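Each chain gets a letter, A, B and so on, in the order its sequence line appears, and its residues count up from 1. Source: prediction; values computed, not measured.
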2 protein chains.
Amino acid sequence: MGDAARLRDDSGYPERTYAIGELADEFGLTLRSIRHYEDEGLLSPGREGTVRVYDRRDRARLALICRGKRLGFSLTEIKEFLSLYDTDGAQVGQMRYLRRMARERIAALRRQLADVQQTLTELTDIDDQITRHLRRQGADDATNEEGSRS
Amino acid sequence: MGDAARLRDDSGYPERTYAIGELADEFGLTLRSIRHYEDEGLLSPGREGTVRVYDRRDRARLALICRGKRLGFSLTEIKEFLSLYDTDGAQVGQMRYLRRMARERIAALRRQLADVQQTLTELTDIDDQITRHLRRQGADDATNEEGSRS
DNA sequence: TTTCTCACTTACCTTTACGTAAACGGAAGG
DNA sequence: CCTTCCGTTTACGTAAAGGTAAGTGAGAAA
């Protein structure tokens, strides 16, 4: 149990850590996936012997990875993306580069935002049409009568 | 040249058609991809002999396919998605189902919208931080001084 | 007629993002 | 001591979405 590595934190109290299984449960991933993200260089958790030990920042990165996946990015894109989040140790030269990357991402995300919004209005239109159609037929719904507000 | 299939339209004038190469150029796809979408049942263009002939509706479907891809959906998801757009010949039973599908998609898209928006604000924050950092260093930008408005 | 250009099919290849199995290690508990 | 649980590595498998090559055909142009 007792060893010195328990208090490796400036703030004086031991930081909470996570096992791979915990994170897998929390984010709905498999161990394989999380390890794969590490293989691809998106994560680099500490080790206690051979066992992976994740800290608060690893967990945050994992959350970003998941969001990136939900948005349809590839692991490679997500990797670049992640580098934008830890600019803390960057040199001035790097920062210009990172800012360019950030702005490109922003532009892409705005396009995606527009796509999502347009698709949303189209689908709510379709929903409305179907609903009106069913209503005209008197064949009205048994399912919940939830509308489609933006 | 002259054959009867040129006037297959109710409206009296010949509808404009597209060759596969045209569509590929227009949407920035390869022939292979377009044919692949057909293999997967997302498109079913007419044929003139062995040659594919796309009409207005095929073209519209292709546009939807591209948008779906930009949003990160798989071809299978896009296929379901497409079926929502031609409810015209559907029976009442189908319509309930389609409406359910539409509502599921809507819910998913709203989540995606939230993800995109959050990522956007985070990245604009990062952009601002970098910009301020560079400004403090006097090492200010040579690149365009475009801001990051929402 | 020969040569382009565009299109077609068939078929194997590649990349991404994991799944899955085999075999092993260490700690905890009955 | 043996089992169980959690983790580890190595390595082959696989589904999705196309790339790429080989060989064919048909119409237009030189």
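Residues meeting the side-chain contact (heavy atoms from CB on, under 4.5 Å) test with T30(B), sequence neighbours left out: R32(B), S33(B). With sequence neighbours left out, the ring pair (Phe, Tyr, Trp, His ring centres under 6.0 Å) criterion links Y97(A) to no other residue. Partners of Y18(A) by ring pair (Phe, Tyr, Trp, His ring centres under 6.0 Å), not counting sequence neighbours: none found. Applying the salt bridge (charged side-chain N to carboxylate O under 4.0 Å, His left out) criterion to E40(B), with sequence neighbours excluded, gives no partner residue. A search for salt bridge (charged side-chain N to carboxylate O under 4.0 Å, His left out) contacts involving D58(B) returns nothing, not counting sequence neighbours.
What separates CD1 of I34(B) from C1' of dA17(D) is a distance of 14 Å, to the nearest Å. The nearest whole Å value for the distance from the CG atom in D25(B) to the C1' atom in dA7(C) is 14 Å. Distance OH (Y37(B)) to C1' (dG19(D)): 13 Å, rounded to an integer number of Å. Atom pair K69(B):NZ and dG18(D):C1' shows a separation of 8 Å (rounding to whole Å applied). Between E38(B) atom CD and dG18(D) atom P there is a gap of 15 Å when expressed in whole angstrom units. Summarising the geometry, the separation between NE2 on H36(B) and C1' on dC8(C) is reported as 18 Å, rounded to the nearest angstrom. D39(A) places its CG atom 14 Å from the P atom of dT16(C), with the value rounded to the nearest Å.
Within residues 74-81 of chain A, no residue is approached by DNA chain D to less than 4.0 Å at the level of any non-hydrogen atom.
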Validation: residues 79-92 of chain B side-chain donor-acceptor distances under 3.5 Å, sequence neighbours left out:
residue	atom	partner	partner atom	Å
S83(B)	OG	E80(B)	O	2.4
Y85(B)	OH	E122(A)	OE1	2.2
Y85(B)	OH	R67(B)	NH2	3.3
D86(B)	OD2	R61(B)	NH1	2.6

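Using a distance-only test at 3.5 Å, with no hydrogens or angles considered, no donor-acceptor pair links the side chain of E26(A) to the main chain of R59(A).
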Mark up nucleotides 5-12 of chain D, 5' to 3', with B wherever a protein heavy atom is under 4.0 angstrom from a base atom, S wherever such an atom reaches only the sugar-phosphate, and - elsewhere.
-> --SBB-B-
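Screening residues 20-57 of chain A for ring-ring contact (aromatic ring centres under 6.0 Å, His included), with sequence neighbours left out, gives no hits.
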